[in-house]
Amino acid sequence: MGTRLLALDQGTTSSRAMVVDEDGRVLGVGQHPLACHYPAPGWVEQDPEAIWATQLAAIRDALAAAGVEAAELRAIGIANQRETTVVWDRESGRAVAPAVVWQCRRSAPICEALRAAGREPLVRERTGLVLDPYFSASKLAWLLEHVPEVRRLADQGRLAFGTVDSWLLWKLSGGAVHRTDRTNAARTALLDLCTGRFDPELLALFGVPASCLPEVVDSVGPLAETDPSVLGARVLVSGVAGDQQAALAGQACTEPGMAKATYGTGAFVLLQTGPALPSSSHGLLGTLAWSLPGRRDHALEGSVFVAGAVIQWLRDDLGLLERAEDSAPLAASVPDSGGLVLVPAFTGLGAPHWDPAARGALVGISRGATRAHLARAALEAIAHQVRDVLVAMAEDLGGPPGVLRVDGGAARNDLLLQLQADLLGVPVERPVVTETTALGAACLAALGAGLLPGPEAFARFWRLERRFEPTTDEAERARAQATWQRALGRARGWAGPATTTETDDNTGGGAR
Ligand SMILES: Nc1ncnc2c1ncn2[C@@H]1O[C@H](COP(=O)(O)OP(=O)(O)O)[C@@H](O)[C@H]1O
Ligand SMILES: O=P(O)(O)OC[C@H](O)CO
């Protein structure tokens, strides 16, 4: 039997696992859905034990589908939803609070207080991020402040904090390893992007005790070994990265200037910048692409909080669709959205607007509006949000990337990708394997196990399936953009103080 790698993709809506061979050929997959809970407006939680149980079940299914025993695996790679904050008791190994999901806005008041105290520049300069409840630090601060058991364990030095990669490493290793890869650590708002270490001043700012932190390690190397009681064998974990960074690897965006967009629950655009530390004056994030021994590559990122999730909302909450894939034919049954504009700011707005108080808006409704128009407006909204990020990137870099590589669940939607190319005026390329995140985790695992010479070799796994060419001119794009900006103005600040003034100017400025 040739080399077998196991790639884990622990996402917001499901836990997936994939067995691949040394050429990135998929031999077996497993997938188990994962529930989100919404206990209050703007709050999003998950059960940490369910994260682990669904991931383990997906691993078992993938191994069975591939006809592979754990003992035959050369290595494991992990990609995970980022920022989501898990806390557990080191002694019992038990999670002691719900996982506070990346989309959750509960810690907005903590960020607001720090902003009012003038601390935002410190966070921005040191971490590359903005001061927003999206990132783990304020979520952890909230848990320490509001959950007595979390505080008590922290005071006793028994509290362990981790993003989902740490939680999975802890579980896979039977509690032997409390580590995080540097790309995940870069999303906590506690890591100094320059030194690659947790920063004491940031820890003090958010009131986080150093004793609860995981050890920060590279994205590749001998990161952990599975406990035999978990999979029935000791297996090396040799690659770990946040899912968007893993997708950047799976899309083989290894040269500076190459960009990808992943359309999952949210949409995440990352542009490779190489060893240079990226900075943005248009509301984008500076982040790590991957951390290798002796080399750190970086990326500019624009994070959109609601993308595929708006299709889920149409399906599960409004009952307008039976399946997510029905959105394409339904939207294609009308030539345009009939004037409807949907701004799906259900959990605020991410890049480049950074408005935690924004909420969803549906404007331009006329008597002739149908569910087909709404489905089309939903797809347009995904494409507009990604365009806003690409416009900000073009402003930061002096021009847009020449092509956008796409992946993720919603990238299966041909109409969405054509709308995207038309709004951007840039070709959009979809690879054969759209499970790019898992593929990227496998690439990192292969690199960490010494099977690949360097990231440049990731290109070996990438093959084009379809290219979507733009069919619009600049004037059409400008008109569509102007309408979208007006609708954005209606959504912004909605959940904030009633005095918030509405503005049609939402483009520049970036992070406040
Ligand atoms: N054909 C489709 N058209 C539009 N959206 C889709 C389609 N298929 C799946 N989705 C959306 O994609 C998301 C799932 O993508 P996935 O990459 O699995 O997400 P995640 O990694 O966030 O769990 C869901 O929000 C779903 O609504
Ligand atoms: O699980 P996904 O694909 O929605 O990704 C979530 C992101 O990592 C959040 O930053």
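Atoms within each ligand, like the ligands themselves, are counted from 1 in listed order.
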* To do: Number the atoms of ligand 2 from 1 as they appear, then name those within less than 4.0 Å of a heavy atom of G11, with their elements.
  => 1 (O)

* Quick check: does Q10 get an N/O under 3.5 Å from an N/O on ligand 2? -> no

* Structure fact -> Filtering N413, T437, L379 for the heavy atom nearest atom 3 (N) of ligand 1 leaves N413

* **Evaluation steps, ring pair (Phe, Tyr, Trp, His ring centres under 6.0 Å), between W313 and F346** => CA-CA 10 Å; W313 177 67; F346 304 150; 5.0 Å; yes

* To do: Under 4.0 Å from a heavy atom of Q81: give me the atoms of ligand 2 that qualify, with their elements.
  => 1 (O), 8 (O)

* Asked: What are the atoms of ligand 1, with element, lying closer than 4.0 Å to any heavy atom of T13?
  -> 18 (O), 19 (O), 20 (P), 23 (O)

* To do: Run the numbers for me: atoms of ligand 1, each under 4.0 Å from some heavy atom of I311, listed by number.
  => 4 (C), 5 (N), 27 (O)

* For S327 and N413, does a side-chain donor sit closer than 3.5 Å to a side-chain acceptor? -> yes

* Asked: Does the pair Q103 and Y134 meet the rule for a side chain to side chain donor-acceptor pair (under 3.5 Å), with working shown?
  -> CA-CA 6 Å; Q103 290 174 314; Y134 177 25; over 6 Å; no

* Return the residue, atom name and 0.1 Å-rounded distance of the protein heavy atom closest to atom 5 (N) of ligand 1. => A410 CB, 3.4 Å

* Structure fact -> atom 26 (C) of ligand 1 has as its nearest protein heavy atom G308 O, 3.8 Å

* For A309, counting its heavy atoms only, list the atoms of ligand 1 lying under 4.0 Å from any of them. => 25 (O)

* Asked: Are any of the N or O atoms of R82 closer than 3.5 Å to those of ligand 2?
  -> yes

* Under 4.0 Å from a heavy atom of R16: give me the atoms of ligand 1 that qualify, with their elements. => 16 (P), 18 (O), 20 (P), 21 (O), 23 (O)

* Taking heavy atoms and a distance under 4.0 Å, where does T265 meet ligand 2: side chain, backbone, both or neither? -> both

* Would one find an N or O of T12, backbone or side chain, under 3.5 Å from an N or O of ligand 2? -> yes

* To do: Spell out, as yes or no, whether a donor-acceptor pair under 3.5 Å connects the side chain of K260 to the backbone of L404.
  => no

* K139 side chain to P133 backbone, donor-acceptor under 3.5 Å -> yes

* **From CG (L423) to CD (E380), nearest 0.5 Å** => 7.5 Å

* To do: Work out whether the distance between some heavy atom of G264 and some atom of ligand 2 is less than 4.0 Å.
  => no

* Write out the residue and atom name of the closest protein heavy atom to atom 2 (C) of ligand 1, then the distance separating them to 0.1 Å. => A324 O, 3.8 Å

* Do E83 and ligand 2 have an N or O pair less than 3.5 Å apart? -> yes

* When you measure from atom 17 (O) of ligand 1 to every protein heavy atom, which one gives the shortest distance, and what is it? -> G409 N, 2.9 Å

* Show which atoms of ligand 2 fall inside a sub-4.0 Å distance from at least one heavy-atom site of Y134. => 9 (C), 10 (O)

* Asked: When you look for heavy atoms under 4.0 Å from ligand 1, do you find them on the side chain of S327, its backbone, both, or neither?
  -> side chain

* Quick one: does ligand 2 sit under 4.0 Å from the side chain of R187, the backbone, both or neither, non-hydrogen atoms only? -> neither

* Please state which protein non-hydrogen atom is closest to atom 8 (O) of ligand 2 and give its distance, to 0.1 Å? -> D243 OD1, 2.6 Å

* **Plane angle bin for F135 and W354 - parallel if under 30°, tilted between 30 and 60°, otherwise perpendicular** => tilted

* **N/O donor-acceptor pair under 3.5 Å between H353 side chain and G350 backbone** => no

* **Residue, atom name and distance, where the atom is the protein heavy atom closest to atom 22 (O) of ligand 1** => T265 OG1, 2.5 Å

* Asked: Between the side chain of E469 and the main-chain N/O of Q418, is any donor-acceptor distance below 3.5 Å?
  -> no

* Check the pair H32 / D61 against side chain to side chain donor-acceptor pair (under 3.5 Å), numbers first and verdict last. => CA-CA 9 Å; H32 281 256; D61 287 357; 2.8 Å; yes

* Do R16 side-chain atoms and G11 backbone N/O form a donor-acceptor pair below 3.5 Å? -> no

* **Shortest protein contact, atom 1 (N) of ligand 1 (heavy atom only)** => E325 CA, 3.4 Å

* To do: Using atom types as modelled and distance alone, determine if a side-chain donor or acceptor of W167 lies under 3.5 Å from a backbone N or O of P48.
  => yes

* Donor-acceptor pair, side chain of Q46 and main chain of P98, under 3.5 angstrom -> no

* Could you please spell out the steps behind the ring pair (Phe, Tyr, Trp, His ring centres under 6.0 Å) verdict for W142 and F206? => CA-CA 9 Å; W142 189 96; F206 289 98; over 10 Å; no

